[in-house]
2 protein chains.
Amino acid sequence: MSDGKPISIAFEQHDHNACLGKAMQAAQGYCEEHKLQLTPARRKVLELLLQEHRALGAYTILDLLREAGFNSQPPVAYRALDFLVENGFAHRIERLNAFVACALPGTEHSPAFMICRQCETVAETQSSESNFNFSTTADFSGFKIEQTIIEAKGVCNSCAEIEQL
Amino acid sequence: MSDGKPISIAFEQHDHNACLGKAMQAAQGYCEEHKLQLTPARRKVLELLLQEHRALGAYTILDLLREAGFNSQPPVAYRALDFLVENGFAHRIERLNAFVACALPGTEHSPAFMICRQCETVAETQSSESNFNFSTTADFSGFKIEQTIIEAKGVCNSCAEIEQL
DNA sequence: ATTATTATGTTATAATATTGCAATAGGAGA
DNA sequence: TCTCCTATTGCAATATTATAACATAATAAT
Ligand SMILES: [Zn+2]
Ligand SMILES: [Zn+2]
Ligand SMILES: [Zn+2]
Ligand SMILES: [Zn+2]
C-alpha cells in the first residue's frame, strides 16, 4: 500500500453510499442553479454510473434502464449521456467506448483516467500541470489545445497483487 | 508563427514525398530485420496512412484499398491495421476511431497527439516526461501504468488564422 | 517433403452510434 | 389561463465501427 494521500477515490476504500448520495445531491443542486432539467432518465443514468467506479457502455446502461422500467431505445441512453457529459457530470472513456461518472463535478478540470485492465475500475484524477512538456510542444507549432484526453491503462494495486500469485 | 524547433512535423511545411519515402524505407528495413511480413495489403495501408498527416477510418481505408484493386472486406483493413499498430507503424486515435501513421517508427515512445478539429490533421509528439504529476498520482494508489493515451483536440495555427476572419 | 505457422478470402453478425420526424411536456410571457 | 416557444421524449430506421468463425492459401521451419 502506498502512503500518499488518495487523490482519486476509486481505488481506495470508502463509504460508497455517502459517495453516491453526495454526488446526486451535488448534481441536483447544480441543475437547479443552472436551470438544467435533471429528468428521470438523466437522473437514473447518473445514478447507474455512480453506482460503480467503472465505465459502463451505452448498451449496458440501456439494459439497466429497461430493467428500471424506462424506454429502451438507444437514443434514450445516448441523449442522457450527452446531457451528463456536456454538463460535466460524466466523462466518456474513449478507449472503452464507455462512460464514467465525474469525480469532480461542478469544477473546471482537465481529467485524466487510470483504467485497470483487470477489474475495469476507472479512477479519475486531475492532469492539471502534468502536460507541461506536451503543451510546450504544442506551442511550437502554434497549436491551441482546447481539450485533452488522458487515459492510462494499467493494473491497480489489488489486481496486481492477485496477479503475483 | 512560433520559434521553437518543430518537434512534430505534421503542422510544418516539409518535403512530404521525402517524408513518405523515408517512412516506407524504414518500415521495409524494420520488417526485414524483425522477420515481419510487409505483405501487399499491409504495405498499401501503410502507404495510405502516410499519404496524409491525418487519421483515416478503417472503412475509408477499405474504400481506398478497393480502388487499388484489393479485396475490400472489413477484415482486410482491420487486419492490416492491427499489424501496423502492433508493430509500431501506426497508432489508433481513440477519439476519432481512426488510425494515423506513426511519426517515430522503430523507437520506443509514448505518443501524444494534437488533433485539429478543423482540418483533422494529426500531429504526433512525445509525451516523455510530461506525465510527471500524473504518474506520481498513480503511485499514490499503487496503480501501475502500462500504456497512456494522450489526445489533445484543438485548432492548428493555420486553421486558427482562418477562423479569425 | 512434411508439418506448423502465418496470412488471406469470405460470410455473417455483433457492437456502437446517429438521423429524422412525430408527439409531448415544461417554461415564459400575454 | 392561454398561447407560443423550446426542450425533451418516443419511435423506427439506419449508419458506422468492429469482430467471429471457418475455409483456403502462402510461407517458414523441420
Ligand atoms: Zn464511491
Ligand atoms: Zn483492478
Ligand atoms: Zn509529411
Ligand atoms: Zn487545422
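Chain identifiers are assigned alphabetically (A, B, ...) following the order of the sequence lines, protein sequences preceding nucleic acid strands; residue numbering begins at 1 within each chain. Because only heavy atoms are used, hydrogens play no part in the values below, and waters and symmetry mates are left out as well, while side chains stay in.
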Quick check on D:dA7: is either OP1 or OP2 less than 4.0 Å from any side-chain nitrogen or oxygen of A:Thr39? no
Here the distance between atom P of D:dG10 and atom CZ of A:Arg66, to the nearest Å, is 14 Å
Taking for A:Pro75 and for B:Tyr59 the nucleotide of DNA chain D with the nearest heavy atom, the one nearer the 5' end belongs to A:Pro75
A:Gln73 CD to C:dA17 P, in whole Å, measures 17 Å
Taking every heavy atom of B:Leu62 against every heavy atom of B:Gln73, the minimum-distance pair comes out as CD1-O, 3.4 Å
Side-chain donor-acceptor pair present, A:Asn97, A:Arg92, cut-off under 3.5 Å: yes
**Donor-acceptor side-chain pairing of A:Arg95 and B:Gln147 below 3.5 angstrom** = yes
The residue, B:Phe99 or A:Gln37, whose nearest nucleotide of DNA chain D is more 5′ is A:Gln37
Please state whether the phosphate of C:dT16, meaning OP1 or OP2, lies under 4.0 angstrom from any side-chain nitrogen or oxygen of A:Arg92. no
Verify the cluster assignment for B:Met114 and B:Val155: are they in a single hydrophobic cluster under the rule of side-chain heavy atoms below 4.5 Å apart? no
Residue pair A:Ala58/B:Val76 against DNA chain C: nearer the 5' end by closest nucleotide is B:Val76
B:His16-B:Glu52 side chain donor-acceptor pair, cut-off 3.5 Å: no
Separation of C:dT18 atom P from A:Arg79 atom CZ, nearest Å, is 12 Å
When rounded to whole Å, the CG to C1' distance for the pair B:Leu84 and C:dA7 reads 14 Å
Rounded to whole Å, the CG-P distance (A:Leu81 to D:dT9) equals 12 Å
note: A:Leu36, atom CG; D:dT8, atom C1'; distance rounded to Å ~ 13 Å
Here the distance between atom P of D:dA18 and atom CG of B:Leu62, to the nearest Å, is 12 Å
- Message: Looking at C:dA7, I'd like to know if its phosphate oxygens (OP1 or OP2) sit under 4.0 Å from a side-chain N or O belonging to B:Arg42.
- Response: yes
Indicate whether OP1 or OP2 belonging to D:dG10 is found under 4.0 Å from a side-chain N or O atom of A:Asn71. yes
Rounded to whole Å, the CG-C1' distance (A:Leu96 to C:dA15) equals 14 Å
Looking at D:dT16, I'd like to know if its phosphate oxygens (OP1 or OP2) sit under 4.0 Å from a side-chain N or O belonging to B:Asn97. no
